[in-house]
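See below for the structure under consideration.
We number each residue from 1, following the sequence as shown.
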Amino acid sequence: MTYDDIPHLSAKIKPKQQKVELEMAIDTLNPNYCRSKGEQIALNVDGACADDSSTYSSKLMDKQTFCSSQSTSNTARYAAALYRQGELHLTPLHGILQLRPSFSYLDKADAKHREREAANEAGDSSQDEAEEDVKQITVRFSRPESEQARQRRVQSYEFLQKKHAEEPWVHLHYYGLRDSRSEHERQYLLCQGSSGVENTELVKSPSEYLMMLMPPSPEEEKDKPVAPSNVLSMAQLRTLPLADQIKILMKNVKVMPFANLMSLLGPSIDSVAVLRGIQKVAMLVQGNWVVKSDILYPKDSSSPHSGVPAEVLCRGRDFVMWKFTQSRWVVRKEVAAVTKLCTEDVKDFLEHMAVVRINKGWEFILPYDGEFIKKHPDVVQRQHMLWTGIQAKLEKVYNLVKETLPKKPDGQSGPAGLLSGDQRVQVAKSKAQQNHALLERELQRRKEQMRVSEVLPGVRIKEEPMSEEGEEEEERDAEEDEEPMDTSLGGLHSRLANGLPSGRAAGGDSFNGHPPPGCASTPVARELRAFVEATFQRQFVLTLSELKRLFNLHLASLPPGHTLFSGISDRMLQDTVLAAGCKQILVPFPPQTAASPDEQKVFALWESGDMSDQHRQVLLEIFSKNYRVRRNMIQSRLTQECGEDLSKQEVDKVLKDCCVSYGGMWYLKGTVQS
C-alpha cells in the first residue's frame, strides 16, 4: 500500500522543537485487521460514552499516530541522492527525523482506568462523608519568588515539558507521491547547471572530495579510549599551540637536534617561531637542545630518591649541562663531589643527556651539531650569554675555580674540545711551564727530605704521590696554618724529637692549630673520633672522598658554634681514622683511572667485634692486590683461608658490607669508575 492509497492522512509540526506528528488512517476493512481488538482498545481509551474529545470517534481504533525524534545530531555527513540519466545528484541534509509509533493512547486508557477506580471508591465512602463534621481549612499565601528560585524553575524538566506542550501545532497538507506539487518539489533535488565544468566545487581530488563529503565526527573522537597521561599521539599533539607542542616534545625526549624537532612539528611550521619557542624550554649544548631543569623539576617538587627539593636538583642538573658545554666527557663522581647529591640523582641527570663508557665516564649522547651553529650565530651568542650567567651562579654556589666558556669564532664547525694547531702549541707551552714549576718544587722537597735523613737516620719519611691539585692544596694549607720553617740544623734539632715536633713529643700544645691525633682528651678529638667510629660501624669501607662528604653532611646537621667547626684538616681526619682501628687498603687502581687522589685512598674497619671480622680481613687482603675480582675467586679464597665451607648467605653478607658489583665483577665500595 502506498501513501496515495491511504484514505486519510494528516500531519502537524512544531517548528521550534523540529517535532513532527503524523496521523495515518488504518484500513479497518482489511481482512488482516482484528475488529474485536480495535473495539477493545477504543473502549479502554474513550470509555463507553463518545463525545468530541474522544480519540476514536468511530468506537474503533481506526488510526495510528507517528511522532518524530532526531536520529542524529550531526547531519553534515549525510546527503540525499537522486540518480537520473547516468548522473548522481547529491543534496546536503540539514536535519533527519525518524518517525516512530506513538502510544499516547495507552496513557489515556490508564488514566481512564484510574478515574473509574477512584469513582468506585468515592461511591463506597459517600455515607461516611455525610456523617463527617466540618473540617478547618488553613489558608497559606505563597512567598514572592526570588530570582535564583525562578532560574531553577525555568531550567527544570517539568517547566521545559510544559513549554514544549504549549507550543501550538501547525497543521500541514499532505501531497501524494504522484501529485504535481510533489513532482515540482522533487525537481529541486536535481542540479540545475548545464555542464559539470562550471561547478568549481568538484574540482578536487577524490580523497579531498571524500573528506568534504564525510568529515570526521567529533563524537567518534570523544568515544576513543583515553590514553595514559604520559602518552600523547602526534595527531593530538598537533592540535595544541606551538609552544605547548615544543614543551611536551622536549620534556619527553630531553635532548634533540633542531632538525629533528622541525621534522616532528611538520613542514608547515615556521622555523623562526620554533626558535623563539625552543629557547623558552631548552638550552643549547654542543649545538643540540637540552630541556631546561625547571621543566623537569617544577617548583614544590622533590627528588624521588633523596627527597631533595627541586631548587637543589635544578642547580645540580645545570652543573652537569654546563660541564657538557666544556667537554664531551663527564665523570659521575666528580659531579657528585661538587653537587653533594646522592648517586641516584646524579645518575638521573646523566642518563637524560649522556651514555656511559666503561673506564672513561659519561659521553654526551648526540654528536656536535656544527650545521646549526653556523646557520644561527645570533642564537648561539644569546645562549653563550645565558651560560655565562649560569656559570657565574654555579661558581658562587659550589665555590668552583673560575673558568671561561670557550668562545667559538664565526664559521667554526668543530665541536668543543677540538683545537687548531696554534692553540695546541700554546697549550703545550703552558703545560711545559707548569710541569717545570712542579719539578722544581719536587726537587726542593726531596732535598729537604735528604737533609732530615742525614740529621736523623732513624726517622723515615713516608712519600705519597701527589697530584697537581694536591700540591697546590698543600701549599695553601702551609701558607694558612704553618709557621715559617727554620731550615738550619740547630733549629731542626730544637724542634724535632723522635721524628715528631717537640710540642707533640711533650704532649703539649696543638700542632699547626690542630690537636695531635693521638690526644683524645680535647673535645674536638673526642667528637671527631666518635663520628669516625659511628660512620665505620655503618659502612665498613669508605674512600677519603666519601668520608669527607659524610663529614660535611654531619657538620651541616650540627648547631652553630659546635666544637667541630674549629677546623679539621685532611691529615687530622686520616690520623683519626687510623687511630679508630681502621686500616688503609692500597687498592691497585688501573693506570687510566679517572679517580682523584682522595678517591684512591680507601680505608676499612679492620675489627668490628662480630663473627665476620676474619672473613672481611681476607676479602680486604684480596683487594689490596686486585682492583676487581670475580665472585668464585672470592669464595674459594675465603674457604681456603677460613678453613670451612662458607654458605652463600655468609659470603653475600661479607660482599654486601665491603663491595659492589658492576659488569659481573666485584669492586671495593667507592672504587668503581662509571
- prompt: Got more than 12 heavy atoms from elsewhere within 6.0 Å of CD, Glu311?
  reply: no
- request: Tell me yes or no: between the side chains of Thr28 and Asp62, is some donor less than 3.5 Å from an acceptor?
  value: no
message: Return the OG1 to CH2 distance between Thr388 and Trp322, rounded to the nearest 0.5 Å.
response: 11.0 Å
- prompt: Hey, does Leu189 have a side-chain heavy atom less than 4.5 Å from the side chain of Arg186?
  reply: yes
message: I'd like to know if the side chain of Ser146 reaches the main chain of Ala149, judged simply by a donor and an acceptor atom lying under 3.5 Å from each other, with no hydrogens or angles considered.
response: yes
message: Counting only heavy atoms from other residues, nucleotides and ligands, does the tally under 6.0 Å from NZ of Lys292 exceed 12?
response: yes
- prompt: Does the pair Arg84 and Glu87 meet the rule for a salt bridge (Lys or Arg N to Asp or Glu O under 4.0 Å), with working shown?
  reply: CA-CA 5 Å; Arg84 178 171 291 185; Glu87 295 177 345; over 6 Å; no
query: Can you tell me how far the CH2 atom of Trp289 sits from the CG atom of Leu249, to the nearest 0.5 Å?
result: 15.0 Å
- prompt: So which of Leu366, Val285, Ile365 actually passes side-chain contact (heavy atoms from CB on, under 4.5 Å) with Val290?
  reply: Val285
- prompt: Among Val397, Leu341, Asp345, which residue meets the side-chain contact (heavy atoms from CB on, under 4.5 Å) test with Val312?
  reply: Leu341
task: Carefully, step by step, assess Lys162 and Glu158 under the rule salt bridge (Lys or Arg N to Asp or Glu O under 4.0 Å).
output: CA-CA 6 Å; Lys162 184 179 178 182; Glu158 183 180 359; over 6 Å; no
query: Using 30° and 60° as the class limits, which term best fits the ring planes of His184 and Tyr188: parallel, tilted or perpendicular?
result: perpendicular
message: Could you report the tightest heavy-atom contact between Asp369 and Pro257, atom names first, then the distance?
response: OD2-CB, 4.2 Å
- prompt: Quick one: does Lys254's side chain have a donor or acceptor within less than 3.5 Å of a partner on Lys251's backbone?
  reply: yes
query: Is there side-chain contact between His352 and Leu296, with heavy atoms separated by less than 4.5 Å?
result: yes
Nearest atoms (heavy-atom pairs only) where Leu60 meets Ala42: N-CB, 3.6 Å
field: From CG (Asp378) to CD (Gln381), nearest 0.5 Å
entry: 9.5 Å
message: Below 30° counts as parallel, above 60° as perpendicular, anything between as tilted: where do the rings of Phe324 and Phe364 land?
response: tilted
field: Donor-acceptor contact present, side-chain Glu344 to main-chain His305, <3.5 Å
entry: no
- prompt: In Å and rounded to the nearest 0.5 Å, what is the OG to CG distance from Ser303 to Leu313?
  reply: 5.0 Å
task: Could you tell me the separation between the CG atom of Leu97 and the SG atom of Cys67, rounded to the nearest 0.5 Å?
output: 10.0 Å
- request: Check the angle between the aromatic planes of Phe349 and Tyr297 and answer parallel, tilted or perpendicular using the 30° and 60° thresholds.
  value: perpendicular
message: Using only atom types and a distance under 3.5 Å, with no angle test, would you say the side chain of Asn288 pairs donor to acceptor with the backbone of Pro367?
response: yes
query: Hey, is the main chain of Met283 close enough, under 3.5 Å, to the side chain of Trp387 for a donor-acceptor pair?
result: no
- request: Would you mind reporting whether Lys323 and Phe319 have side-chain heavy atoms less than 4.5 Å apart?
  value: yes
query: Would the number of heavy atoms belonging to other residues, nucleotides or ligands and lying under 6.0 Å from NZ of Lys340 be above 12?
result: yes
message: Any non-hydrogen side-chain atom of Ile295 less than 4.5 Å from a side-chain atom of Met250?
response: no
field: Close side-chain approach of Met256 and Leu264, heavy atoms under 4.5 Å
entry: yes
message: Within the supplied structure, the quantity of interest is the number of heavy atoms (other residues, nucleotides, ligands) at a distance under 6.0 Å from Phe66 CZ; does it exceed 12?
response: yes
message: Less than 4.5 Å apart, side chain to side chain, heavy atoms only: is that true for Gln279 and Leu284?
response: no
task: Determine, for Lys656 against Asp652, whether the closest basic-nitrogen to carboxylate-oxygen distance falls under 4.0 angstrom.
output: no
task: Evaluate the side-chain proximity of Arg315 to Leu394: yes if any heavy-atom separation is below 4.5 Å, no if none is.
output: yes
query: Would you call Glu371-Lys374 a salt bridge at under 4.0 Å N-O?
result: no
- request: Output yes when Glu185 and Arg181 qualify as a salt bridge under the 4.0 Å nitrogen-oxygen rule, no when they do not.
  value: yes
message: So Arg276 and Ile246, do their side chains get closer than 4.5 Å, heavy atoms only?
response: no
Arg35 atom CZ, over 12 foreign heavy atoms within 6.0 Å: no
- prompt: Hey, is the main chain of Leu82 close enough, under 3.5 Å, to the side chain of His89 for a donor-acceptor pair?
  reply: no
- request: Enter the distance from Arg317:CZ to Thr339:OG1 here, rounded to the nearest 0.5 Å.
  value: 13.5 Å
field: Flag, side chain of Ser182 to backbone of Arg178, donor-acceptor distance under 3.5 Å
entry: no
query: Which atoms form the tightest heavy-atom contact between Pro298 and Ala310, and what is the distance?
result: O-CB, 3.2 Å
